[in-house]
Chemist: 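Please find one structure pasted underneath; my questions will follow.
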Amino acid sequence: MDTQARPVIHSSNASSLVDVLERILDKGIVVTGDITLKIVDIELLTIQIRLLVCSVDKAREMGMNWWMTNAYVGTAVAPPAPQSPALLEEANPVRGVGAMNAASQESTARTAGASSSAAIELSDLAERISALEGTVSRVLLTNPSAGTDTADATR
Amino acid sequence: MSAFYLYGFAGADAHLCLQQLARRTGLAMDDRYPVEALGTGRVRALTCRVDADEYRSQDRQPDGWLTERACRHAALLSELLTGTSVLPVKFGALFSSTQQLEGILVAHQAALASALDRLLGQAEWDVKAWVNEPAALSALGERDPRLHALKTARPSHPGARYLHARQLEVQLASALRTQISERACLLAQLLAGMPAEVMDLPFNPVPADEGERIVFHAGVLMPLQSGPNPASSLFATLDAPARQWAADGWRIEISGPWPAYHFGPAMIGDAMEGCCA
């Protein structure tokens, strides 16, 4: 790079996929239509983009390398493996508009393939949160003096 | 079943701009249908027809489906920027009918028009400063007399040499932190002196590949200038520090022009919701 000729680099917005996606997925006026996109996928993509911005090496250390095969981010592109109808059927028992429950989140994560290791981490995290919630509920039920209403604990 | 995807809002002349883009592919969410400017008042809703079932079952779409649509969303708004005022909407607003979109236009006409008037002729630019840490530390070790003396001194005893090296690391790291802080302040001051709105933007300080990390990030809303360099004043403002700091492992990067993703309102009124049947 000739810094004497062009000390300030003009990065074309068309070439910076990360910049584009961070803006589109995270910024702009929030308008709620009557058809809801499944938020999980958008959040997963946002998480993926943020990881890419964060540190490629650090993400690799964590076992994430989804961008290596992602057609719109990675350089080593592999076409997505076709998914069998039976596998999709098993993985998506809940269909239609609306929030996905934890079970369908986990099923979706399992069928997404190698490019969704972030999704697998998310579902593992959801499981851990559920387990912790159960633990908290048991603690509150056995020890009402812990401070919260037992009605809350039984939710 | 059809649905209508909302890209954003634009001024009353948006339909003229869309006519010029009519032959372009890769802008509409579905290339079978054109992007249209809905509405009759001062504000237009930029929308296109899509297959609602495709969006409802997006978890079964191929990898990259969502990314491609996000890119189309961005591309359309960027193409319109030079021709009309553009107010981006966050990705994913779908409506089952155009009547609901028209309802939004009617209900929030004044607020949207006010926002569009403010953004007319303006564009957002993104300014980032990066530091290559190994290069910056090396440059500090050469240029700072105290650090250079510390660097060149080599104790003969291995243990002392080890401690000396650790001391040098700590001193260099501290010097780099000071340099980053001072230069980030200077960049902020330079931008604040421009006839523009400036906003601090978040960034992740964790180093990326090869030890380079971002140390400054700001958004600048300024008039979109005509000619081959539509941000000539911004480049001119940052030219001197970029030249001076290049040898220290610094680089300054500008991207844009963008529609005003960061400078538009987050919401209009209490919330902007399509009325449900």
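Only heavy atoms go into these numbers, but all of them, side chains included; no hydrogens, no water, no symmetry mates. By convention in this document, chain letters (A, B, ...) are assigned in the order of the sequence lines, proteins followed by strands, and residues within each chain are numbered from 1.
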Chemist: Of all heavy-atom pairs between Val8(A) and Ile254(B), which one has the smallest distance, and what is that distance?
Modeler: CG1-CD1, 3.5 Å
Chemist: Does any backbone or side-chain atom of Glu124(B) lie under 4.5 Å from a heavy atom of chain A? Answer side chain, backbone, both or neither.
Modeler: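 The side chain, not the backbone.
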Chemist: So Trp125(B) and His10(A), would you call those rings parallel, tilted or perpendicular, with 30° and 60° as cut-offs?
Modeler: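 It falls in the tilted class, 30° to 60°.
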Chemist: Mind jotting down which residue pairs meet the salt bridge (Lys or Arg N to Asp or Glu O under 4.0 Å) criterion with at least one end in residues 104-117 of chain B? Sequence neighbours excluded, please.
Modeler: Arg42(B)-Asp117(B)
Chemist: Given a strict heavy-atom distance threshold of 4.5 Å, which part of Leu238(B) is in contact with chain A: side chain, backbone, both, or neither?
Modeler: both
Chemist: For the residue pair Val20(A) and Ala74(B), what are the closest heavy atoms and their distance?
Modeler: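 The answer is CG1-CB, 3.5 Å.
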Chemist: Can you tell me how far the NE2 atom of His73(B) sits from the CD1 atom of Ile24(A), to the nearest 0.5 Å?
Modeler: 4.0 Å
Chemist: Kindly indicate whether the side chain of Ile29(A), heavy atoms from C-beta on, has any atom under 4.5 Å from the side chain of Pro265(B).
Modeler: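 Yes, side chains in contact.
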Chemist: Rounded at 0.5 Å granularity, tell me how far CZ in Arg23(A) sits from OH in Tyr261(B).
Modeler: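 Separation between the atoms: 8.0 Å.
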